[in-house]
Amino acid sequence: MNKILKIIYLSVLFPVALVNAQDQKGNERGEVTDAEFIIRKDRVLSLPKRPRNFERVPALPQPEGHSNFNYDVRDFFFDLAPTNSPLTPYQKKFLSNTDEVYHGLVRLGFGNYQSPLAELYLNNLESDYLNYGVYLKHQGFYEGPVDKENSAEDHTQIRLNASYFDEYFEVFGQLGYNRDRYHFYGYTPGLEVMADDIQQFFHTIYGQAGIRNIDKDEPFNYEVAIGARLFNDDYAAREHEINLSGKTSYYFNDETKSGVDVAAFLTSPSDATYADLNRNYVKFTPFVAYQNESFEVRVGANVILENDVYEGKDSDFHIFPTINASYNLQEEFAVYASYEGDVKRNTYYSFAMENPYLGPSDQLLNTIQKFRAEGGIKGSVNDAFTYKLGIAYGDYDNMHFFANGAQDSTRFQLMYNNGTVLNYTGTLGYSFGDFYHLTAEGNYYHYSLDDIDALMPGLDQTAVAWQRPNWEINVHNTFTPDEKWLIQAGLDMMGGIDVLNLQSDGNSYTTDTLNPIIDLNAKIDYKITDRFSVFAQGNNLLNQKNERFWNYQSRGIQGIGGLTFKF
C-alpha cells in the first residue's frame with residue numbers, strides 16, 4: 001500500500017518540480033538542473049462530524065365508532081295463490097285543432113226584383129285517393145228595370161267534378177251545364193212588347209279530363225287535358241269546340257327552369273250569315289326563366305297558327321317574342337318591364353259572355369297583338385302595403401267593338417278596327433293583420449284607331465273605341481272584426497264610354513257618350529253557429545241609372561238576404 005502511495009506522489013510532484021526548475025534555471029534546451037523532492041507520509045484528510053436526528057414520527061390517534069350495528073335477518077313467507085292481471089293500453093283523447101269537415105253547404109236567399117237565390121255545394125269527405133263534388137246554383141231576377149218581366153234575367157249552373165289521386169299523379173275531370181236567360185229590352189220606352197218575343201237563352205255544355213303530377217317540387221312537372229264545349233243561343237248561333245292543352249316545365253336548379261305551354265282549339269261556329277265554318281287555333285309557348293332574390297326574367301316566344309280569313313292578312317303563321325323581367329332594388333322598390341306579341345283568341349261564346357245582348361255576327365276574328373310593351377315600378381312595404389304603377393303601349397289588328405245593330409238597335413253587332421292603345425295603370429293593396437284588407441286598381445285608356453269613314457260615310461269623324469271605357473276604378477274592402485263577422489264593401493266605376501247606333505235613316509248615324517257608371521256594393525255575413533249563418537247583400541246602393549250598353553239600364557238598388565247551412 002505504501003509503495004503505491006509513493007508512486008502516486010512521485011507522478012504528481014515530479015512534473016511540478018520540473019516546471020519550477022525550468023523557471024529558475026531558464027529555458028535552455030537540454031540543460032540538467034538540480035532538484036529536491038520532499039515526500040510526506042503523515043498527512044491525514046478529515047471531515048467535521050454532523051449530528052444525527054433520531055426523533056421518531058408521532059403516531060396518529062385511531063378513530064373510534066359511534067356505535068355497534070347488529071343486523072337481524074328474518075325470512076317471511078306468504079301463502080298466496082297466483083293471479084293473472086290483464087294489461088290494456090291507456091286510451092287518451094286528444095283534442096283536434098282542425099275544424100270539423102262538412103259534406104256540403106246550402107245557401108238560400110231572396111230579394112227585390114223577384115230575385116230568388118239557391119246554392120248547393122256537395123262534396124265527399126276527405127279521402128286519400130278520391131275526391132268528387134257537385135255544385136248547383138240558380139239566381140233569378142224575374143223583374144227588371146224596364147217593364148218588369150221584359151227585362152228579367154236568370155242564371156242556372158250545374159257542375160260535377162272529380163279527382164283520383166295516385167302516389168305520383170292526379171287524374172281530374174269536370175262536366176257542367178250553364179243556362180242563361182236575357183231579354184232584349186233596349187227598345188224605345190212606351191212600345192208594347194211581349195216578353196217571349198224578345199227572350200234570349202244561352203245553353204252551354206262543357207267538359208274536361210286530364211292528368212297532372214302531384215309533387216310540384218320535382219324537377220319535371222306536367223299537365224295534359226282534353227275538353228269540349230257545345231254552345232247555342234235561342235236563335236241561329238251555334239258553336240262547338242274541341243280543345244287540347246298541355247303544360248310542361250323542368251327545373252334545372254332552384255333558380256332556373258324551362259318549359260313549353262301548348263293549346264289547340266278546333267271550333268265550328270254557325271250563324272244566320274255563315275255555316276260550315278272551321279276556325280282552328282294552335283299555340284306553342286316555349287320559355288326559359290331565371291329567378292333569384294333580386295332579379296327575375298322569363299324569355300320565350302308565342303308561336304301561333306290560325307286560319308281566320310280577312311282582307312290584308314299576310315300569313316296564318318305568327319311568331320312573336322316575349323320577355324318579362326323585374327329587378328328589386330330594395331324590398332320596397334322594384335322596376336319591371338315586359339314585351340310581348342300574341343294572337344288573342346276570340347269566339348262567339350266569348351263575345352256573348354262579354355255582351356249578352358249580341359245579335360247575329362257577320363264575321364269572327366281573333367285579335368292580333370303585334371306587340372305590347374309595359375314598364376313601371378312596384379314594391380311592398382312591411383308586408384302590409386303593396387303598390388304598382390305602370391304604363392303600357394300596344395299595337396293591335398282586329399280589335400273588336402260593339403255598336404247597336406243597323407237592322408235592330410236592341411241587338412249589338414261586332415265591329416273591328418286596327419290601332420294602338422296607351423294604358424296607364426296603378427294598383428294598391430293594404431292589409432292590417434286579419435282585420436282589414438284593401439285592394440284598389442285604376443286604369444286609363446287612350447285609343448288611336450284607323451279612320452273608318454270609308455266604311456261608314458255618314459260618320460264624319462275618326463273612329464273611336466265604341467262601348468269601351470276610357471277609365472276604370474275598382475276599390476274593394478274586407479273587414480273581419482271577429483270570427484263571426486265578415487263585411488265586404490266595394491266601389492266600381494267606369495266612364496268615357498262612347499256609343500254608336502247604326503240604325504239610321506239614310507246615312508245619319510247616332511253617337512253619344514254614356515254617363516259614368518257608379519256602383520256601390522256591400523255584403524255582410526254573420527255566423528250564428530258553426531253550421532248556421534245569415535247574410536245580406538246590396539248592389540247599386542246609390543240607385544244610379546247605370547248603362548253599360550246603350551239603352552240597357554241596369555237595376556236600381558238591388559238587395560238580397562238569406563241564410564247558409566253547413567251539413
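- A centroid separation of less than 6.0 Å is found between the aromatic rings of Tyr250 and Phe252.
- Annotation: Asp215, atom CG; neighbour count of heavy atoms from other residues, nucleotides and ligands within 6.0 Å is above 12.
- Applying the side-chain hydrogen bond (donor to acceptor under 3.5 Å, both in side chains) test to residues at least two apart or on different chains, none of the pairs has a partner in residues 377-389.
- Between Phe141 and His155, the gap from one ring centroid to the other reaches at least 6.0 Å.
- Counting only N and O atoms by type, the side chains of Tyr206 and Gln208 include no donor and acceptor under 3.5 Å apart.
- If you check the side chains of Tyr290 and Asn292, you find a donor sitting under 3.5 Å from an acceptor.
- For Asp154 and Arg179, the salt-bridge test passes: some basic side-chain N is under 4.0 Å from an acidic carboxylate O.
- In this structure, Lys313 contributes its side chain and Asp308 its backbone to a donor-acceptor pair below 3.5 Å.
- Separation of the Phe371 and Phe320 ring centroids does not fall under the 6.0 Å cut-off.
- Separation of atoms CZ (Arg372) and CG (Asn423) is listed at 6.0 Å; rounding is to 0.5 Å.
- For the residue pair Asp395 / Thr420, no side-chain donor-acceptor distance below 3.5 Å is found, with atom types taken as modelled.
- For Thr322, the side-chain contact (heavy atoms from CB on, under 4.5 Å) criterion is met by Asn302, Glu340, not counting sequence neighbours.
- For the pair Val499 and Phe402, the minimum side-chain heavy-atom distance is 4.5 Å or more.
- Partners of Ser554 according to the side chain to side chain donor-acceptor pair (under 3.5 Å) rule, which considers only residues two or more places apart in sequence or in another chain, do not exist here.
- Between Tyr251 and Asn221, the shortest heavy-atom contact is CE1-ND2, 3.6 Å.
- Side-chain contact check for Arg555 versus Glu153: some heavy-atom pair is nearer than 4.5 Å.
- Within 6.0 Å of OH in Tyr310 there are more than 12 heavy atoms belonging to other residues, nucleotides or ligands.
- Ring planes of Phe412 and Tyr552: tilted class, angle from 30 to 60°.
- No hydrogens or angles considered: nothing links the side chains of Thr367 and Asn398 as a donor-acceptor pair under 3.5 Å.
- Expressed to the nearest 0.5 Å, how far CG of Asn366 lies from CG of Asn307 amounts to 9.0 Å.
- Remark: side-chain polar atoms of Arg181 are not paired, donor with acceptor, to backbone N or O of Thr156 under 3.5 angstrom.
- Annotation: salt bridge (Lys or Arg N to Asp or Glu O under 4.0 Å) contacts involving residues 409-430, sequence neighbours excluded, comprise Asp408-Arg411.
- Using a 30° and 60° split on the angle between ring planes, Tyr182 and Tyr357 fall in the perpendicular class, above 60°.
- Centroid-to-centroid, the aromatic rings of Phe165 and Tyr129 stay 6.0 Å apart or farther.
- For the residue pair His318/Asp342, the side-chain donor-acceptor check at 3.5 Å is not satisfied.
- For the residue pair Asn150 / Tyr187, a side-chain donor-acceptor distance below 3.5 Å is found, with atom types taken as modelled.
- Asn474 and Glu472 share no donor-acceptor pair across their side chains, judged by distance under 3.5 Å alone.
- In the displayed structure, Asn253 atom CG is contacted under 6.0 Å by more than 12 heavy atoms of other residues, nucleotides or ligands.
- The salt bridge (Lys or Arg N to Asp or Glu O under 4.0 Å) analysis of residues 239-255, with sequence neighbours excluded, yields the pairs Arg229-Glu239, Arg229-Glu241, Glu241-Arg345.
- In terms of modelled atom types and a separation under 3.5 Å, the side chain of Asp519 and the main chain of Leu491 share no donor-acceptor contact.
- Between Ser431 and His437, the side chains place a donor N or O and an acceptor N or O closer than 3.5 Å (distance only, hydrogens not considered).
- Without hydrogens or angle criteria, Asp271 side chain to Thr273 main chain gives no donor-acceptor distance under 3.5 Å.
- In Phe284, the CZ atom is not crowded: 12 or fewer heavy atoms of neighbouring residues, nucleotides or ligands sit closer than 6.0 Å.
- Screening residues 216-228 for salt bridge (Lys or Arg N to Asp or Glu O under 4.0 Å), with sequence neighbours left out, gives Arg212-Glu223.
- A donor-acceptor pair under 3.5 Å is absent between the side-chain atoms of Asp234 and the main chain of Phe201, judged by distance alone.
- Judged purely by atom type and a 3.5 angstrom limit, Asn213 uses its side chain to pair as donor or acceptor with the backbone of Tyr222.
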